[in-house]
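Inspection log for the structure reproduced underneath, given as structure tokens.
None of these values were measured; they are calculated from a predicted model. We use all heavy atoms of the structure for the numbers below, so side chains are in, but hydrogens, waters and symmetry mates are not.
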Amino acid sequence: MEREKKWVRDIVHFGSKKAADALVREYYDDIYAYVYRQTGSREDALDVTQECFLAAFRSLSSYDPKKAGLRTWLYHIASHKVIDFKRKKREVYVLMEEQEIAAERDFVQDIHNHELLRQVEEFVCGVDPQIQEVFRLRVYAEYSFPEIAAVLAQPEAKIKAQYYRLSARLRKEIADA
């Protein structure tokens, strides 16, 4: 969008606080909601969201609108900040064995249950960060597989396979709990 280009230019070249404020106002609620659904805590979501925007402003000069839209780029940063946050909270990183792809069940509605959210996040934090990002973009940001593939510069088939494998493992883990 033209106004996004102007904001980026004004922030990078002129240090415009007005443009920075406009950018934050435009995307803050979406990024906060995305982060909150993953942390389950207002305070943690506020902190992580702030870190997302600080990181975005620090690296704004390297933003390339040809690779991704500004909103997508911010979600990408937010995904990494959530992963970093979860790593800091988690003492042990456990690699899980991969299982066969299972049919997808729409359990996004259930994830809003806080106890289930805690179980989901605990499990998801134990997998490879790239697979975490696929899951977070699909479930929390509601990106399509083609959008995720574009953001991560990976083949769509690989993204789908990672998501479906993790979904199957997650369903089994929650059913066994």
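Side-chain contact between Gln154 and Gln162 is absent, with no heavy atoms from C-beta onward closer than 4.5 Å. Here the side chains of Leu23 and Phe53 are in contact, with some heavy-atom distance below 4.5 Å. Within the 4.5 Å cutoff, no side-chain heavy atoms of Thr72 are placed close to those of Glu147. Side chains of Ser167 and Arg138 form no contact here, defined as non-hydrogen atoms less than 4.5 Å apart. The side-chain heavy atoms of His76 and Glu133, taken from C-beta on, include a pair separated by under 4.5 Å. Between Val24 and Phe57 there is a side-chain heavy-atom pair separated by less than 4.5 Å. Residues Ile83 and Lys86 form no side-chain contact, since every pair of their non-hydrogen atoms from C-beta on lies 4.5 Å or further apart.
With salt bridges taken as basic N to acidic carboxylate O contacts below 4.0 Å, one links Arg25 and Asp21.
Note that CG of Leu60 and CG of Leu74 are 8.5 Å apart. Values are rounded to the nearest 0.5 Å. Atom CD of residue Glu173 and atom CD of residue Glu122 lie 8.0 Å apart, to the nearest 0.5 angstrom.
For Arg136 and Tyr34, the positive end is not near the middle of the six-membered ring at less than 6.0 Å and at most 45° from its axis.
Under the 4.5 Å side-chain contact rule for hydrophobic residues, Val35 and Leu54 do not share a cluster.
Between Gly69 and Tyr63 the shortest heavy-atom distance is C-OH, 3.2 Å.
Residue pairs satisfying the salt bridge (charged side-chain N to carboxylate O under 4.0 Å, His left out) criterion with at least one member in residues 44-68, sequence neighbours excluded, are listed as follows: Asp44-Lys89.
Using the six-membered ring where Trp is involved, Tyr163 and Phe145 have ring planes that are perpendicular, over 60° apart on the 30 and 60° scheme. Phe135 and Tyr140 have perpendicular rings, their planes meeting at more than 60° on a 0 to 90° scale where under 30° would count as parallel.
Tyr32 contributes no side-chain N or O that, together with a main-chain N or O of Gln50, makes up a donor-acceptor pair within less than 3.5 Å. Side chain of Gln132 to backbone of Val127: a donor-acceptor contact under 3.5 angstrom is found.
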Working for salt bridge (charged side-chain N to carboxylate O under 4.0 Å, His left out), residues Glu2 and Lys6: CA-CA 6 Å; Glu2 203 55 43; Lys6 183 177 178 349; over 6 Å; no
